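Per chain, numbering begins at 1; letters A, B, ... match sequence-line order. Small disclaimer: the values here were computed from a predicted structure and weren't measured.
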Amino acid sequence: MSLSHSHSALALKSQLFSFARKNPFIAKKLHAQIIKSGFNQHDPFPKTLIDSYGKCGLLQDALKLFDSLPHRDHVAWATVLSACNLSNLPYKALSISRSILNEGLQPDHFVFSSLIKACANLGDGYIKQGKQLHARFLLSPYSEDDVVKSSLVDMYAKFELPDYGRAVFDSIFTLNSISWTAMISGYARSGRKVEALRLFRQSPFKNLYAWTALISGLVQSGNATDALYLFVEMRGEGVSIADPLVLSSVVGACANSAVWELGKQMHCVVITLGYESCLFISNALVDMYAKCSDLVAAKYIFCEMRRKDVVSWTSIIVGTAQHGLAEEALALYDDMVLAGVKPNEVTFVGLIYACSHVGLVSKGRALFKSMIGDFGIRPSLQHYTCLLDLFSRSGYLDEAENLIRTMPFKPDEPTWAALLSACKQHGNINMAVRIADSLLDLKPEDPSSYILLSNVYAGAGMWENVSKVRKLMVVKEVRKEPGYSSIDLGKESQVFYAGEASQPMKDEILGLMRKLDEEMRKRGYVPDTSSVLHDMDQQEKERQLFWHSERLALAYGLLKAVPGTTIRIVKNLRVCGDCHTVLKLISTITSREIYVRDLKRYHHFKDGNCSCNDFW
DNA sequence: ATAGGGTTAG
C-alpha cells in the first residue's frame, strides 16, 4: 500500500467524521465500520465518536460509549461534558464529573470551562457549586487560562452576580469579543444599566452578539424602554437586525411595556424580514399580543403556527387566563394534552391561577395533583402560592392556613400578604390577626403590605400594633413609588403622574372627572380610602384618590380616543380598590370597554364588571 | 476537545 493511499484514507475518515457530527445515521454507520475494522479501542476513535454522537444529538450513545471506555482521560471527560452541555443536560455533566473526581482525576482547563458552563446553565441554585469550581480553578495549574475565565464571567452573569464576574473579567490577559459580551450581559441582566452601557460603549467588539446581550439583558431586568431605544440605535449603526434572537427580545420588550402600537410595528418588521414562521419569534408575538390585551391577535398567531411547543401553548393559556377567561384556558389545556405536548411547571402556574379566578377549587386541586403524579413536576413555591390563592379566594381559609404552615417552602412576603388579604376579604378577624403577626415578623418591604397590616390591625382595634407598623415603616424607609399610567392612542401615547394633570387639556380633564364623579355618586359611589398610605383627614384622602394616575389617563382617553374604541391603559403600580370600583362604574356610565394592565394583573372593564372578578 | 446573544409564570 502506498503512502499516498493511506493519506487519502485518513483524509476520507476525517471528512466522514465531519458528516457524522451533523448526521446521526452517518455517525452510527461510522461507529459500526470502526468496530469492524478493529480500531474501536484505538485512540482517537472512541473520543471522536463520543464527540460526533454528542454533536448530532445522540447523547445516549455518547454516554454509553463513554461508560465503556477502559481508561478515562481528560479528553474523554471534556468531550462527554461538552456533549451533555449541547443536549442541555447540565445536571448529567455534574454527576459524571463527581464520579470522575472521586477516581482522583483533576480537571484540566477544558474540563473546567465545560463544568462552569454546566453550573451556569443550572441557574442560581448552583451558586455554591459554581464558587467551589472557581476556587478549585484558582488553585489548579491552569489558573491563568483566559477561556476558563470567560466561562466564569458568563457564569456569574447568569447568577446575576456581576461584581464577581467583573473581578474575573479584570484579571483576563487578552480580552476578546466573548469575554466582553459575557460581562456586558452580566450587568444588563442584573439591571445595572449604567455599567452595562458604559462597558458596551468601551467595548471594541460591537457585533450582533454584544448588541443582543445588551438588549435582551435589559429586557430581562425590566428595562424594556431602554432596550427599545437601543434597538433603534442598533439599526441606525447598520448592524443587521435580521436575526431571530434579537427580534424575539425586542418583541419581548414590547410585551413587557405593553406598547401595542409598537408591538404591531415589530410584528411587521418580523414579517418583512421573513421570520414569521420562526418558533421563538411566534411565541414572543403570542405573548406580546396577550400582554397588550389583544387576545384576538394572540390567538390568530397561535392558530397559524405550524409547529407549537410547550411555550406556545403556555403563552396562550396564560394569556387567556390572565384576561379572566378561565374556562377557555382550561379547554386550551385539554387541546394541548390531546396534541401530545407535555405541559411544564409554568403551564400549571397559569392553569391553577385560572381556576382560582373563578373558584374552581376541586379542578385546581386536581391539576396540582396531576402535575406531580402524571407529569412528575416537583411543585415550586409559586405552585404552592397559586394553590393557596385558590383556597383562600374561595373562602377555604383553614385549608389555606394549613397549607402555608406545612408546605415545604418558607412562605415569602407576597404569599403571607395574599392570605392576609383573603382573611380580610372574608371577614375572619381572628385568623387575620394571626397571619398579620407572621407577616410582620418578616419585616416587609412592600408598601402595600404595610397598608394591609395597618388596615387589619385597625379593624381589630389593635392600636398599639397599628403604631408598631407605622414605626417599622419609618425605620425601613418604606415609601410608595410615584404612580403613573400611560395611555396608547395609536400614533401618540401620553403619560400621567398621580396628583398632576399634564398640561395638554388640563381643564377639560378636570371638568370631565368632576362630571363623572357626580354621576358616580348618584349611583351610590362612596370613596374607599383604606388604601391611602399616609395619615391625613378624610377629605384629603379622597382628594388623593381623585388624582390617581389611571383616572387622569382614562379621562384623557375618553376625551381624545376615537368614540366607541377600547381604552388601553398601562399602570406601573397595582390598581387600588377605589380606582377599581371607579373604573367599573365609568365603563357603565360611558358604555366603553377599558383595559388596564397594572403591575400584576389585567383588568378588562365592561358593563360595570371586571374580568378579574374583583379579586387581585 | 473548552468560553458569548433568544420565548412562557412570579
Side-chain angles (χ1 to χ4, degrees), chain A residues 44 47-48 50-51 54-55 73-83 85 107-118 120 142 145-155 157-158 168 172 176-186 188-189 203 205 207-217 219-220 243-253 255 275 278-288 290-291 309-319 321-322 343-353 380-383 385-386 389 412 414-415 418 599-601:
Chain A
K47 289 160 206 164
T48 318
I50 292 175
D51 184 50
K55 292 215 164 63
D73 60 6
H74 287 114
V75 179
W77 188 5
T79 311
V80 80
L81 290 188
S82 120
N85 282 341
D108 68 358
H109 46 313
F110 291 99
V111 170
F112 269 124
S113 25
S114 287
L115 268 178
I116 290 164
K117 182 180 174 152
Y142 307 95
D145 187 272
D146 278 352
V147 172
V148 179
K149 288 179 187 171
S150 283
S151 72
L152 282 167
V153 174
D154 175 57
M155 178 186 81
K158 296 206 164 97
V168 181
I172 293 177
N176 60 18
S177 68
I178 294 176
S179 23
W180 279 95
T181 305
M183 194 61 237
I184 291 166
S185 165
R189 67 170 89 205
S203 168
F205 306 99
N207 57 15
L208 177 61
Y209 275 57
W211 278 105
T212 313
L214 181 63
I215 291 173
S216 69
V219 176
Q220 276 173 48
D243 174 77
L245 282 77
V246 78
L247 287 175
S248 55
S249 282
V250 175
V251 173
Y275 285 97
C278 170
L279 181 69
F280 270 110
I281 296 183
S282 302
N283 287 348
L285 284 168
V286 170
D287 180 55
M288 183 274 291
K291 286 205 165 71
D309 70 355
V310 58
V311 177
S312 336
W313 283 99
T314 303
S315 301
I316 195 73
I317 288 173
V318 169
Q322 281 174 329
N344 68 13
E345 63 285 357
V346 184
T347 320
F348 284 102
V349 170
L351 287 168
I352 301 171
Y353 177 91
S380 66
L381 176 60
Q382 276 77 38
H383 295 111
T385 306
C386 284
D389 222 35
D412 58 6
T415 311
L599 192 64
K600 290 264 166 78
R601 299 264 193 274

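A donor-acceptor contact under 3.5 Å is not formed by the side chain of A/Thr212 with the base of B/dG6.
Residues satisfying the salt bridge (charged side-chain N to carboxylate O under 4.0 Å, His left out) criterion with A/Lys117, sequence neighbours excluded, are absent altogether. Scored by the side-chain hydrogen bond (donor to acceptor under 3.5 Å, both in side chains) test, A/Ser177 finds no partners at all (sequence neighbours excluded).
Distances from the side chain of A/Tyr209 to the nucleotides B/dT2, B/dG5, B/dT8 place B/dG5 closest. Set against B/dA3, B/dA9, B/dG5, the side chain of A/Val346 has B/dA9 as its closest nucleotide. Of the candidates B/dA9, B/dA3, B/dA1, B/dA9 carries the atom nearest the A/Val349 side chain, counting heavy atoms from C-beta on. Nearest nucleotide to the side chain of A/Val318, out of B/dG6, B/dT8, B/dA9: B/dA9. Of the candidates B/dT8, B/dG6, B/dG4, B/dT8 carries the atom nearest the A/Ser315 side chain, counting heavy atoms from C-beta on. Closest approach to the A/Ser113 side chain among B/dT2, B/dG5, B/dT7 is made by B/dT2 (side chain taken as heavy atoms from C-beta onward). Ranking B/dT8, B/dA1, B/dA9 by closeness to the A/Gln382 side chain, first place goes to B/dA9. Taking only side-chain atoms of A/Gln322, from C-beta outward, the nucleotide of B/dA3, B/dA9, B/dG5 with the closest atom is B/dA9. Comparing atom distances between the A/Ala284 side chain and each of B/dA3, B/dT7, B/dA9 picks out B/dT7 as nearest. Closest to the side chain of A/Lys291, out of B/dT7, B/dG5, B/dA9, is B/dA9.
In summary, A/Lys149 and A/Asp145 do not engage in a salt bridge, as defined by a charged side-chain N under 4.0 Å from a carboxylate O.
A/Asp309 comes within contact range of no nucleotide atom at all, as no heavy-atom separation falls under 4.0 Å. Contact annotation for A/Ser282: no contact, since no heavy-atom pair falls under 4.0 Å across all strands. Residue contacts for A/Asp145: at a heavy-atom cut-off of 4.0 Å it reaches no nucleic acid atom on any strand shown. Counting non-hydrogen atoms under 4.0 angstrom, A/Asp146 reaches nothing in the nucleic acid.
As rounded to whole Å, 13 Å separates atom P of B/dG5 from atom CG of A/Asp243. Atom CD1 in A/Ile281 sits about 13 Å away from atom P in B/dT8, given to the nearest Å. Remark: P of B/dT7 and CZ of A/Arg189 are 9 Å apart, rounded to the nearest angstrom.
For B/dG6, the OP1/OP2 oxygens have a side-chain nitrogen or oxygen of A/Ser216 closer than 4.0 Å. Between A/Lys117 and B/dA1 there is no side-chain polar atom (N or O) within less than 4.0 angstrom of OP1 or OP2. The side chain of A/Gln220 contributes an N or O atom lying less than 4.0 Å from OP1 or OP2 of B/dG6. At B/dT2, none of the side-chain N or O atoms of A/Lys149 fall inside 4.0 Å of OP1 or OP2 (strictly under the cut-off).
In this model, a donor atom of one side chain and an acceptor atom of the other lie less than 3.5 Å apart for A/Thr415 and A/Asp412.
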